[in-house]
Amino acid sequence: MIGFLHGTLVAKQPPLLLLDVNGVGYELEAPMSTFYALPEGQVQVKVLTHLHVREDAMLLYGFATDSERQLFRELVKVSGIGTKMALAVLSTYSVQDFNHYIHTADTIALAKVPGIGKKTAERMVIEMRDRLQKVFGSSLQATSQSGDTASSYQGSNLTKQSAIAALVSLGYKEAQAESWVNKTYDDSLSLEQVIKQALLQVRL
């Protein structure tokens with residue numbers, strides 16, 4: 001099992017990270033919360049990892065915090081929740097907010113995550129409540145998240161198209177992704193900031 005990687009952050013292209021560890025390039029999939037936490041530029045970083053083994057592939061996932069990794073590991077244990085959907089959960093909500101929605105049985109909020117319908121949200125509440133209590137105890141406190149929308153559409157560019165592509169890769173429909181990005185886009189924002197502002201639209 002690979003517990004973490006420490007090396008040079010070569011590239012950030014959501015949902016993929018490329019990390020150079022002593023000359024070996026590791027490609028990791030990561031939630032947007034991890035992208036927000038990582039610095040810009042080719043700098044030394046430490047990324048916690050989870051190795052997911054399938055019949056046809058060995059996939060490496062990266063996380064900025066242990067709580068994110070623990071939640072990811074608990075999510076993939078739920079029937080019908082795969083790694084892609086688990087990344088979408090962590091990209092949409094913080095660990096604290098997700099914990100709050102589970103314990104208040106807020107299936108409406110949970111169903112805003114792409115791929116999660118009413119029945120899946122109800123199953124998540126039933127299966128995750130005790131698991132979260134065992135893993136995190138009472139250490140998690142729900143926090144509210146809010147954000148101001150930026151300026152409206154200012155023309156197509158690489159950052160905007162990359163943001164839309166990243167949202168689509170998380171499971172959102174292209175029309176939804178394009179609408180959210182257009183509503184919040186500002187050319188002064190980085191790619192991660194554009195995606196973050198767009199994802200805030202999911203919670204409205």
Side-chain angles (χ1 to χ4, degrees), residues 1-54 57-78 81-100 102 113-114 128 131-145 147 158-159 162-163 165-167 169-171 188-200 202:
M1 179 68 70
I2 302 174
F4 70 87
L5 293 173
H6 186 279
T8 302
L9 182 60
V10 177
K12 295 167 65 179
Q13 184 61 49
L16 296 177
L17 295 172
L18 183 60
L19 203 63
D20 181 346
V21 181
N22 296 324
V24 178
Y26 288 87
E27 191 173 72
L28 306 91
E29 291 191 46
M32 289 311 305
S33 54
T34 294
F35 280 87
Y36 305 148
L38 291 174
E40 297 294 331
Q42 296 193 10
V43 294
Q44 289 284 308
V45 296
K46 177 181 177 181
V47 180
L48 301 177
T49 59
H50 172 82
L51 180 63
H52 186 75
V53 180
R54 300 189 326 209
M58 296 177 64
L59 304 174
L60 200 58
Y61 295 88
F63 306 92
T65 67
D66 189 51
S67 61
E68 291 176 345
R69 181 171 64 178
Q70 288 180 356
L71 178 54
F72 177 87
R73 287 173 170 172
E74 294 304 317
L75 281 167
V76 296
K77 295 177 184 177
V78 177
I81 304 294
T83 54
K84 183 176 181 178
M85 197 176 295
L87 287 181
V89 168
L90 285 165
S91 295
T92 305
Y93 296 122
S94 68
V95 176
Q96 290 83 358
D97 282 343
F98 180 78
N99 179 69
H100 172 72
I102 289 294
V113 178
M128 291 295 294
R131 290 180 183 179
L132 292 178
Q133 184 65 31
K134 290 178 181 178
V135 173
F136 298 109
S138 58
S139 62
L140 292 179
Q141 298 294 325
T143 58
S144 62
Q145 296 188 13
L158 181 59
T159 298
S162 296
L167 292 170
S169 72
L170 291 173
S188 66
L189 301 176
S190 67
L191 174 59
E192 288 79 18
Q193 290 171 326
V194 171
I195 297 171
K196 184 175 185 178
Q197 290 298 319
L199 283 170
L200 289 172
V202 181

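Residue numbers count from 1 along this sequence.
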### Task
Test side-chain contact (heavy atoms from CB on, under 4.5 Å) on L90 and V95 and set out the steps.
CA-CA 7 Å; L90 285 165; V95 176; 4.2 Å; yes
For residues 12-31, which side-chain N or O atoms pair as donor and acceptor with protein atoms under 3.5 Å away, sequence neighbours left out?
{"from": "K12", "atom 1": "NZ", "to": "F35", "atom 2": "O", "distance (Å)": "3.3"}
{"from": "K12", "atom 1": "NZ", "to": "L38", "atom 2": "O", "distance (Å)": "3.2"}
{"from": "D20", "atom 1": "OD1", "to": "G23", "atom 2": "N", "distance (Å)": "2.8"}

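- Distance check, rounded to the nearest 0.5 Å: CG of N99 to CE of M128 gives 9.0 Å.
- Within the 4.5 Å cutoff, the side chain of L71 has no heavy atoms near those of the E68 side chain.
- Taking the side chain as every heavy atom from C-beta outward, D97 and T92 never approach each other to under 4.5 Å.
- Across all non-hydrogen atoms, the minimal contact from V113 to M85 is CG1-O, 4.5 Å.
- Inter-residue side-chain proximity for T83 and L75 is flagged as unmet; no heavy-atom pair is nearer than 4.5 Å.
- Side-chain contact between I195 and Y36: present, with at least one pair of heavy atoms (C-beta onward) separated by less than 4.5 Å.
- No donor-acceptor pair closer than 3.5 Å links the side chain of S91 to the backbone N or O of A88.
- Of all heavy-atom pairs between V47 and G62, the closest is CG1-CA, 3.6 Å.
- Between the side chain of R54 and the backbone N or O of L59, no donor-acceptor pair lies under 3.5 Å.
- Using cut-offs of 30° and 60° for the angle between ring planes, the F72 and H50 rings count as perpendicular.
- The backbone N or O of L191 sits nowhere less than 3.5 Å from a side-chain atom of T159 that would complete a donor-acceptor pair.
- Rounded to the nearest 0.5 angstrom, R73 CZ and H52 NE2 are separated by 12.0 Å.
- Expressed to the nearest 0.5 Å, how far CE of M58 lies from CD1 of I2 amounts to 7.0 Å.
- When side chains are defined from C-beta on, L60 counts as touching L5, because their heavy atoms get closer than 4.5 Å.
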### Task
Check step by step if side-chain contact (heavy atoms from CB on, under 4.5 Å) holds for Q44 and H6.
CA-CA 7 Å; Q44 289 284 308; H6 186 279; 3.2 Å; yes
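- Here the closest non-hydrogen pair linking Q193 and S188 is OE1-O, 4.4 Å.
- Minimum heavy-atom separation, F63 to T34: CA-OG1, 3.3 Å.
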